[in-house]
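What follows is a short report on a single structure.
We name chains A, B, ... by the order of the sequence lines, and we start the count at 1 in each one. Side-chain atoms are counted along with the backbone in the values below, which use heavy atoms only and exclude waters and symmetry mates.
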Protein chains: 2
Amino acid sequence: MRTIQWKDGKVILINQQKLPTELNYIECKNPNRIAKAIRNLEIRGAPAIGVAAAMALALTANNSKAKDKEDLFNQLEKMAKQLEMTRPTAINLFWAIERVLRKARSTVGTTEDIKEITIKEALTMAEEDIQKNKTMGKHGADLLEDGDVVGTICNAGWLATAGEYGTALGVIKVAHEQGKKISVIALETRPVLQGARLTAWELKQDGIDVKVIPDGAIGYCFYKGMINKFLCGADRIVVLNNCSVINKIGTHTVSLAAKYYHIPFYAVAPLSTFDFKNNLKEIRIETRRQTEVTEINGKRIVPAKVKAINFAFDITPPSLVTAIITEKGIIYPPFKENLFRVASSLE
Amino acid sequence: MRTIQWKDGKVILINQQKLPTELNYIECKNPNRIAKAIRNLEIRGAPAIGVAAAMALALTANNSKAKDKEDLFNQLEKMAKQLEMTRPTAINLFWAIERVLRKARSTVGTTEDIKEITIKEALTMAEEDIQKNKTMGKHGADLLEDGDVVGTICNAGWLATAGEYGTALGVIKVAHEQGKKISVIALETRPVLQGARLTAWELKQDGIDVKVIPDGAIGYCFYKGMINKFLCGADRIVVLNNCSVINKIGTHTVSLAAKYYHIPFYAVAPLSTFDFKNNLKEIRIETRRQTEVTEINGKRIVPAKVKAINFAFDITPPSLVTAIITEKGIIYPPFKENLFRVASSLE
């Protein structure tokens, strides 16, 4: 299962706004359509939007009628700027754009060579994403035991990545493949309901037991001892703030409840989600349109003229995180020190 | 503004399922219609369903063609049993039924006298509820300061009581009337969205600034310092468990976040919400139908065959509650001891 595919010079995306009722695909001939899909959440999830942005640059190269290299670089950079404006918080977007541009610029050869290399780089990144997630899944699965009931928020599954495994759900899937009986309680994740719509759909497809709860119910589920581990993805892990975890709105609330009830709370993210450069003061937490909160299925639920506050993400301090699962291994506190050790020892 | 009115031998209820888009009334000639309204959440809120149950018994008396007292008592008791089965958790329901039955049984006079007294008792209870809420509001308003931003969950306003003030929102309204500038951040309160629909509507009508957030956002709002006090109502306060607070699902999650961020967390409830008899093991936490979670506005959001868990209430341990505001005054920990002192010194 792939969220993003390159096919005959087109990019095919699963339209995640239509799931779980319809499995529709968006055929993008134009990279602007991919930018729009990222903005509209037709594709979402930090690793997935990184790969989608890379594919948009590949499409730009593929469609380019540039007469020389400089012209091609200008076209790629123009598209890169547009992609960077789609969503501000998930760092994978910026990481992916930078990587593709760097590759293009460093290529020695003709304009056609650069086009080819750019496309190849995007395809490589999609494959690497899938491999990294599988590796992360294996590392994380060591933490899960037969009979565990795992809580999760939003969708950190294959739909949030290039495909196949996903991040937090990848850990669950590998444990499931290992024959461990794992049940999942998925927070519905208002306002966009990625948990109810996407996580439930993914796990159901994989034959993994999943039940949905309203987000507010997490405290009582912990109180009742119904969940014994919690796994989430991440949109950006801020290394300069000792690996603070930026993830879907609601994650921080769960982390507070987990701390009180001594439930292990794990973030699962590839190194491409780590921000080594910016601190929290420099990072923009996306605020999305109010109608995501005030309307459901196009029907207004909040009285006219009453406003909503719609942060797309929140910040979980490292003191509330038990460990971070990456493709290089599991990182325990102190996160910053251990991150550098793990990352450098294996590269 | 009244949620429940007695008018020419009929009971008129606001249909709270239709708010905020429509302000509709349900005219009940038959007490069974009131029982149905309680079951369907057309009327909800612990004090309101208590008064509604009393009115249902008044209607039973009013409509009765009983030829003797015993016959009338049997009819009242039959209706009482039916009302007791509508919802299991809010204690005000049981308290109100018991009070009306006790009054009827203790009346000396003819069958007609008993009918009249039963109706009068229900009307008295509605008026008393409003007066108690106003008194609670005054006590609680002492805790609010000019400029406070108060968080609240579900609807603990006049819609949740017989009318006028409400419990948690009554505190805010009295402070507002005193000229203090109070803003409110209302949790939307999935699955039934009483916060988004009812609390936002009530406060908007009263000219009090209100914004709506998804339930999961509460932790991040505390993190950002956007809310400095939290007020909730209660469906049952369990005295034998040192005044554990049973309230709308999601409340406990908020209480955990509030504790971490040292945000004062107040429950606001009349003494009729206190359960002096049962402990937590004996109390049933209502589980409602899954479709409240899996469908919104009649459209399914969760994939077919995936189940939801739908607890209607949760339990907040007393260690997470800063104080309980009652009509007899503000009760601080240790709650049990101070409750008995406050309650007995004033009666």
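Expressed to the nearest 0.5 Å, how far OG of B:Ser319 lies from OH of A:Tyr260 amounts to 3.5 Å. With rounding to the nearest 0.5 angstrom, the NZ atom of A:Lys211 is 9.0 Å from the CD atom of B:Gln290. Going from atom CE of A:Met226 over to atom CZ of B:Phe311 covers 4.0 Å, rounded to the nearest 0.5 Å. Separation of atoms CZ (B:Arg300) and CZ (A:Arg197) is listed at 14.0 Å; rounding is to 0.5 Å.
Interface residue B:Pro303: backbone and side-chain heavy atoms are both found under 4.5 Å from chain A. Both the backbone and the side chain of B:Lys299 come within contact range of chain A, judged by heavy atoms closer than 4.5 Å. For B:Ala304, the part sitting under 4.5 Å from any heavy atom of chain A is the backbone (N, CA, C, O) and nothing else. Looking at B:Ile296, both its backbone and its side chain come within 4.5 Å of chain A, counting heavy atoms on both sides. Heavy atoms closer than 4.5 Å to chain A are found in the side chain of B:Ile185, but not in its backbone. Using a 4.5 Å cut-off between heavy atoms, A:Ile309 contacts chain B through both its backbone and its side chain. Contacts between B:Lys305 and chain A at a heavy-atom distance below 4.5 Å involve backbone atoms as well as side-chain atoms. Contacts of B:Tyr261 with chain A are made by side-chain atoms alone, with heavy-atom separations under 4.5 Å and no backbone atom involved.
Here the side chains of A:Glu188 and B:Val293 are in contact, with some heavy-atom distance below 4.5 Å.
The candidate from A:Val210, A:Leu203, A:Asp215 with the greatest count of non-hydrogen atom pairs under 4.5 Å with chain B is A:Val210. The residue among A:Ile285, A:Thr294, A:Asp209 with the most heavy atom pairs within less than 4.5 Å of chain B is A:Ile285. Of the residues considered (A:Ile301, A:Val306, A:Ile249), A:Ile301 shows the highest number of contacts with chain B, using heavy-atom pairs under 4.5 Å. Most heavy-atom pairs under 4.5 Å with chain B: of the set A:Ile213, A:Asn310, A:Asn297, this distinction falls to A:Asn297.
Between B:Leu256 and A:Gly219, the closest heavy-atom pair is CD1-CA, 4.1 Å.
Shown are A:Ile315, A:Thr251, A:Thr253, A:Thr316; of these, the side-chain contact (heavy atoms from CB on, under 4.5 Å) with B:Tyr220 is made only by A:Ile315.
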